[in-house]
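Both backbone and side-chain heavy atoms feed into the values below; hydrogens, waters and symmetry mates do not. Model, not experiment: these values are computed from the prediction.
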Amino acid sequence: MEENFPYLPEECWEMIFSFLLQRRHSHHFESLSLVCKQFLSITNTLRTTLRISELTIPAMSRIFSRFRQLKRIDLRNFKGVPDDLLIRIAGSGLDIESLDISNQARFPVSGMNFLGSTMRNLRVLLCSKLGVLTDDDLVEIAKLFPNLEDLDISYPMNPLAPSCYSDITDSGIFALIQGLPRLRKANLSGNSLVTDKSLIDLSTKCVWLREIAICDCDLITQSGIAKALRQNPNLSSLSANWIGIPSLNSDLIDSFLSMKNLNSIDLSESIISDQLLNSLANSCSPLKKLVLSHCHDFSFSGISFLLNKNPLIEWLDLEAANFLTDESVKELSEFLPLVKLINLSNCSNLSCSSLFILARNCPALTDIEMKIVNLQKEEGHPTDFVNPKLISLDLSGNKNLCNDGARKIASIFPNLELLKLNHCAAITDEGIGDVLTACPKIRHLEVNYCTGIKNLVMNCELPSMEALKLQRLAIDDSTLAMIGSRCPSLIHLDLLGCLKVTAEGVKEVVRNCRGLREISLWDCCEIDCSVIPWMVFSRRSLREIIPPNFIFPTANQRSLFLRHGCLVHADGFSLDLKGLS
């Protein structure tokens with residue numbers, strides 16, 4: 001390679017690899033790094049994010065030495081005491097800008113003290129769903145990381161009082177306000193003891209604040225939100241839910257008129273009104289993201305007026321807006337020239353016609369969610385067009401969507417990369433086979449609980465397929481043999497509850513899918529325990545295995561598997577297939 005392309009500057013290779021990283025998971029760098037020393041050096045430089053789990057710990061020193069440009073470290077999936085790990089990170093010499101310690105049992109004060117002493121440039125700290133988070137912890141955060149710009153302390157869980165989700169009070173928030181003068185983004189969601197005082201103090205004293213989330217903050221009122229909005233007209237993003245209960249405050253409605261810079265608003269599960277939507281429209285704010293999922297008391301007139309006044313919308317979520325019909329979707333589509341993602345799930349009056357209208361009238365659309373609507377075969381609807389831009393489609397829960405409807409939809413979206421058809425019981429082997437033939441670029445397919453599928457038909461090779469979720473299907477070993485032969489690039493496979501598959505079928509996949517990294521066999525009752533060590537030692541690419549629920553690896557076995565680079569879970573851990581989801 002070095003001899004064939006001596007003229008191509010390293011900057012060009014960096015641009016090429018960066019583009020590949022946008023379209024693929026970073027593990028694809030592993031094969032690139034083996035091509036030559038130049039590619040190894042480039043890929044080492046481009047890797048900026050590290051997700052740490054049990055698998056990563058033995059190699060931490062080598063990782064820190066090799067990837068000197070790491071900027072973001074993610075501990076969300078680390079199961080253990082994080083303090084020692086944070087001390088090692090602190091001593092690595094890396095210049096970390098973002099740290100995610102979400103899902104830990106507590107705020108690791110000792111480890112964070114070491115980290116704060118060496119990494120004063122930390123800009124992003126995510127502490128969501130910590131087992132214990134207190135006001136004293138917030139005081140430590142403000143003291144250790146004065147340059148923070150993005151802080152997430154959402155949904156702390158108090159194990160001693162499950163009905164109370166938080167020990168955080170206005171006192172702790174005030175300590176943050178005093179110690180974090182550069183704060184631009186704050187997520188306080190789920191802190192049920194935080195009041196209007198904290199919200200107003202944040203809006204008035206954090207002069208750089210631009211984004212705030214206050215979902216499930218029970219003591220924050222409509223009046224508090226209204227006052228905060230007026231105090232900070234430069235706010236660009238607001239997320240709140242359950243507002244307007246029992247009735248909508250006119251002061252809150254009027255406050256939206258002052259929001260000239262708002263580009264993202266999420267009012268999920270709220271009681272809103274056409275009057276509120278009119279205020280948003282008349283504010284002339286440059287709205288790009290609008291989420292009104294499961295909202296009530298607004299009508300087609302209100303949302304139509306808002307969208308007509310805001311042609312910049314790129315993300316639109318109207319889930320459960322049951323007043324929508326195919327005809328109203330046609331009217332709304334005329335106001336959505338830039339929309340990229342739209343969610344119309346649980347809109348029971350919508351049919352395939354709405355899907356086809358969006359495909360034809362919204363040229364920028366790349367992602368559609370229409371779960372649990374009324375999709376089925378519809379004769380006579382024109383489909384003499386192709387939408388080449390859509391890459392993600394979620395039609396889960398459409399129990400009347402049959403083979404003919406699925407074929408018609410697939411023919412319109414030939415470049416789909418992610419397709420979810422979970423709980424679509426009317427789709428059979430033949431239908432899913434035709435869909436895969438029409439959409440050969442699919443990388444992530446979900447057909448969980450599709451009871452009509454007995455054998456996953458693949459009429460051609462699917463070189464792009466990386467993730468398959470096949471939970472509770474009546475498939476057998478012949479399907480696994482087909483997957484092994486047709487999906488050479490498979491990385492993630494979920495076979496939870498596939499009762500007919502056996503060890504022989506699993507071995508076919510493991511033998512032929514050389515890049516396989518994650519597989520779930522939970523509740524696969526025909527698989528014997530001997531296949532687990534065979535898998536670990538036969539396919540070096542494997543990183544995670546969830547064995548059948550009657551197989552319990554011993555601590556010594558799990559340790560041996562870990563040394564071989566594979567984490568075999570012993571607790572029914574739910575595998576998170578990372579494909580494109």
Side-chain angles (χ1 to χ4, degrees), residues 318-320 322 324-330 332-333 341-362 365-442 444-460 462 465 468-475:
L318 297 177
E319 181 168 357
N322 285 318
L324 289 177
T325 64
D326 291 336
E327 186 61 34
S328 59
V329 168
K330 183 178 180 180
L332 293 182
S333 68
L341 181 149
I342 190 164
N343 182 7
L344 299 178
S345 300
N346 289 286
C347 295
S348 56
N349 296 319
L350 302 186
S351 69
C352 283
S353 296
S354 290
L355 178 61
F356 299 146
I357 288 166
L358 292 171
R360 185 188 290 273
N361 295 350
C362 302
L365 199 57
T366 61
D367 191 320
I368 297 177
E369 292 185 29
M370 291 183 67
K371 298 177 288 186
I372 318 179
V373 290
N374 191 26
L375 301 187
Q376 53 191 315
K377 180 184 177 182
E378 294 182 48
E379 298 291 351
H381 193 90
T383 56
D384 56 341
F385 67 96
V386 169
N387 182 318
K389 295 203 68 172
L390 197 82
I391 61 173
S392 177
L393 182 61
D394 189 347
L395 304 179
S396 299
N398 284 285
K399 61 182 181 180
N400 294 321
L401 179 62
C402 62
N403 290 342
D404 287 344
R407 290 188 193 101
K408 187 179 290 188
I409 291 168
S411 69
I412 295 173
F413 306 118
N415 293 326
L416 275 180
E417 296 182 11
L418 183 151
L419 178 62
K420 296 182 180 181
L421 297 172
N422 304 313
H423 296 276
C424 293
I427 295 178
T428 68
D429 308 354
E430 181 184 358
I432 199 65
D434 291 341
V435 167
L436 292 174
T437 301
C439 304
K441 297 181 180 179
I442 286 181
H444 182 122
L445 175 67
E446 296 186 17
V447 287
N448 300 322
Y449 295 86
C450 288
T451 54
I453 297 177
K454 313 299 182 186
N455 181 28
L456 197 63
V457 175
M458 298 178 178
N459 299 317
C460 58
L462 299 168
M465 186 68 76
L468 279 171
K469 298 193 76 169
L470 312 176
Q471 294 180 9
R472 302 291 178 188
L473 298 193
I475 59 174

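The shortest side-chain heavy-atom distance between Leu473 and Cys450 falls under the 4.5 Å cut-off. Residues Asn349 and Asn374 have side chains not in contact (no heavy-atom distance under 4.5 Å, counting atoms from C-beta outward). When side chains are defined from C-beta on, Ile427 counts as touching Asn403, because their heavy atoms get closer than 4.5 Å. Using a 4.5 Å cut-off on side-chain heavy atoms (C-beta onward), Ile409 and Phe356 make contact. Counting only heavy atoms from C-beta outward, the side chains of Leu350 and Asp326 approach each other to under 4.5 Å. Side chains of Asn459 and Asp434 form a contact here, defined as non-hydrogen atoms less than 4.5 Å apart. No side-chain heavy atom of Leu344 sits less than 4.5 Å from a side-chain heavy atom of Val373. Residues Asn415 and Leu390 fail the side-chain proximity criterion, which asks for heavy atoms closer than 4.5 Å.
Judged by distance alone, the side chain of Asn455 and the main-chain N or O of Val457 form no donor-acceptor pair under 3.5 Å. A donor-acceptor contact shorter than 3.5 Å is absent between the side chain of Asn343 and the backbone of Glu319. Judged by distance alone, with hydrogens and angles left aside, the side-chain atoms of Ser392 form no donor-acceptor pair with the main-chain N or O of Asp367 at under 3.5 Å. With hydrogens and angles disregarded, no donor-acceptor distance shorter than 3.5 Å links the side chain of Asn422 to the backbone of Ser396.
Interatomic distance, CG of Asn346 versus CD of Glu369, reported as 10.5 Å (0.5 Å rounding). We find the CD1-CD distance between Ile453 and Glu430 to be 12.0 Å, quoted to the nearest 0.5 Å. Between the NZ atom of Lys330 and the OG1 atom of Thr325 there is a distance of 11.5 Å, given to the nearest 0.5 Å. Distance check: Glu417 CD to Thr366 OG1 gives 10.0 Å after rounding to the nearest 0.5 Å. Note: Met370 CE to Ser351 OG = 7.5 Å, rounded to the nearest 0.5 Å. Remark: Lys420 NZ to Leu395 CG distance equals 11.5 Å, nearest 0.5 Å.
The heavy-atom pair separating Lys371 from Asp394 by the smallest distance is CD-OD2, 3.3 Å. Contact detail for Asn387 and Ala359: the closest heavy-atom pair is ND2-O, 2.9 Å. Residues Cys352 and Leu375 approach most closely at N-CD2, 3.5 Å, considering heavy atoms. In terms of heavy-atom proximity, Pro440 sits nearest to Pro414 at CD-O, 4.0 Å.
The side-chain contact (heavy atoms from CB on, under 4.5 Å) test with Cys439 is passed by exactly one of Leu462, Leu416, Leu445: Leu416.
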Q: Apply side chain to side chain contact (heavy atoms under 4.5 Å, CB included) to Leu418 and Ile391, showing your working.
A: CA-CA 6 Å; Leu418 183 151; Ile391 61 173; over 6 Å; no
Q: Under the side chain to side chain contact (heavy atoms under 4.5 Å, CB included) rule, what do His423 and Arg472 come out as? Steps first, then yes or no, please.
A: CA-CA 10 Å; His423 296 276; Arg472 302 291 178 188; over 6 Å; no
Q.
Pair Met465, Ile442 - check side chain to side chain contact (heavy atoms under 4.5 Å, CB included), show working.
A. CA-CA 6 Å; Met465 186 68 76; Ile442 286 181; 3.7 Å; yes
